[in-house]
Amino acid sequence: MTRAAAVAAIAATLPAFVPAGAAAHAFAQRYDLPLPLWHYLAGAGAAVALSFAAIAATGRGRPPRARVAILRIGVSQARLLACGMRGFGVLAFALLLAAGIFGRRGDWDSNLLPVAVWIWWWVGLSFLCLVAGDLWRLLDPWRTLAQVARLTAWRADLAPAAGNCWPAVALFFAFSWAELVWPANADPQRLAALILAYSVSAWIGMAVIGPVRWRRCCDPFARFFAMLAECAPLTMRRVRGGWVLLLRWPGAGLVSRRPPSPSQAAFVVLALATVGFDGIAETGAWEAVTGRMLAALYASGFIHAFGYGAAGTLVKTTGLALAPVALFAAFALACAATGRIGDEATGRVARRFVLSLVPIAAGYHLAHYLAYLLIQGQAGLPLLADPLGLGWDLFGIRGREIDIEIIDMRTVWLFAVATIVAGHAVGVALADAAARRAYGVRATRSQLPMAALMVAYTMLSLWILSQPIVNV
Amino acid sequence: MRRRLAGVAVAAAIAICGTRAMPAQDTPPRVIEIVLREGRASGPDLPAPARGAPTLRLTRGERVELRWTSDRTMDLHLHGYGIELRAAGDATTVMAFLARAAGRFAVETHDRAGRHLTVLYLEVHPR
């Protein structure tokens, strides 16, 4: 039932995907300089050194449980804060939809909705969740409105089993396609139509199987932001008398007693691969591949029949579909080797170790998008002065220009290497702890394949950042 | 020891301030001639890439003048710095600016189908 709901959600939005006559404008570009060689080498060297250190270290594989309480808030204060965030989420949702439907159309930075969705929400909120925990849980307008409407499960028996989140996997792929490939994703009215279609499907799904089960099995955003929040050094815990804000080791939230189910592991692999493909799609290597594929499509008559736009979309969709396959193949290879040493089935090994890849992707995500968020994110500020295109000038910022000097390139480079190396350190520590817990005596040898995979993954992240950006 | 620390602190402060300092107003701008032929940029200062648009390397703080000559009328848009002008077949158009921010910025044009084509990349490197 929920799978049908997911398919219906995607099908209902198909008319919005038909490209307009003139090919769409490119969305915001990144202005990052390629990472210089010695930054790349320092990062790669640090990654290799950290991997060796982790393997050589001794220990019983218990992840560090140290937690420091920073702030305590009472129940009523927490309730107020939560209400405030929920209200903000719903109001922002409504305002953005109105801006998309009624606001100006034109370039990618003519309307508040695309800027707010693709930069402030998808990138900005992911940064916040990586630091401060699962803020989306409170900001989620679909959840809040479902609670306000008191949606309870009408047919809870139709929900997928507890560990089954394949609908979320499918919806996340569809969303990644909209983010990375869909040529019209900067068109505010089409984007608003897509959001409305998804909202209706989500509320129907929540009405049928209940909001909690929907968010666990079918909601790709809830799963994605929760995954990022597990890397965060800050988290809230319910205690007697209120809530406490805890500081913990980054990635400590990824250590769980139960290994993820196959579909949960697949979700992680898909999310990591799409984050990486976003960067690969801007490299000269991908431009060369695209050129060859377009030439082949031209020769086969596809372009004559359907046009360059459709051909470009097809090529990029193929890349987006192959990225998780490639990551899964590399990961499965490492897991098979680990399983042979540790005497465990490849599938079980994969589920045991998949979460230790998340910090590496998180580090890359921070490195890749910091300058983009700070520079292109400013494009939304003048749009706040007149979200509905009525000629207002709220806050007096209507004519505000983007300040491209806001962050120095050297700072960006240092930050990039620092977050990638930190992500690698956390990932290696998690994999080490998991191996020691599982394989005991054979832990040292068993870590070699996974360490090799992680070093390769980190090198790929550094390589992507060292490539000159090509606007395909 | 304390004097050495103070010296290091002063040097660091100067280095940090120095990265923001701009050159004097009277240094002549760097002039780069670019010829656009059928949407492809070439010029004496530009490397000839195997594929795609060439990359011009600049240093942050330089005054730059790009002189464009084109065989077709095209609208050129320098991203980041937000400079837009029209390169016509008969005259040389000039993009003059101070390369105040480091980064990799594309100069794009639109073809008839509305697709963006990058003709040149400007890489402004930190000093």
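Every chain is numbered from 1, with letters handed out A, B, ... down the list of sequences.
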Note: vs chain B, highest number of non-hydrogen pairs under 4.5 angstrom among A:Ala288, A:Gly291, A:Ala371 is A:Ala288
For B:Tyr121 and A:Asn471, the nearest pair of non-hydrogen atoms, with its separation, is OH-N, 3.0 Å
Nearest heavy-atom approach of A:Met409 to B:Gly103 is CG-N, 4.2 Å
Of all heavy-atom pairs linking A:Glu287 and B:Gly52, the shortest is OE2-CA, 4.4 Å
(message) Check whether B:Arg104 reaches the backbone of A:Pro34 with its side chain - one donor and one acceptor, N or O, closer than 3.5 Å.
(response) no
For B:Arg60 and A:Glu405 the tightest heavy-atom approach is NH2-OE2, 3.7 Å
Solution key, residues 394-401 of chain A side-chain donor-acceptor pairs under 3.5 Å, sequence neighbours excluded:
{"residue": "A:Arg398", "atom": "NH1", "partner": "A:Asp386", "partner atom": "OD2", "Å": "3.0"}
{"residue": "A:Arg398", "atom": "NH1", "partner": "A:Trp392", "partner atom": "O", "Å": "2.7"}

- A:Arg104 atom CZ: more than 12 heavy-atom contacts under 6.0 Å: no
Within residues 79-91 of chain B, contacts to chain A at heavy-atom distances under 4.5 Å involve B:His79, B:Gly80, B:Tyr81
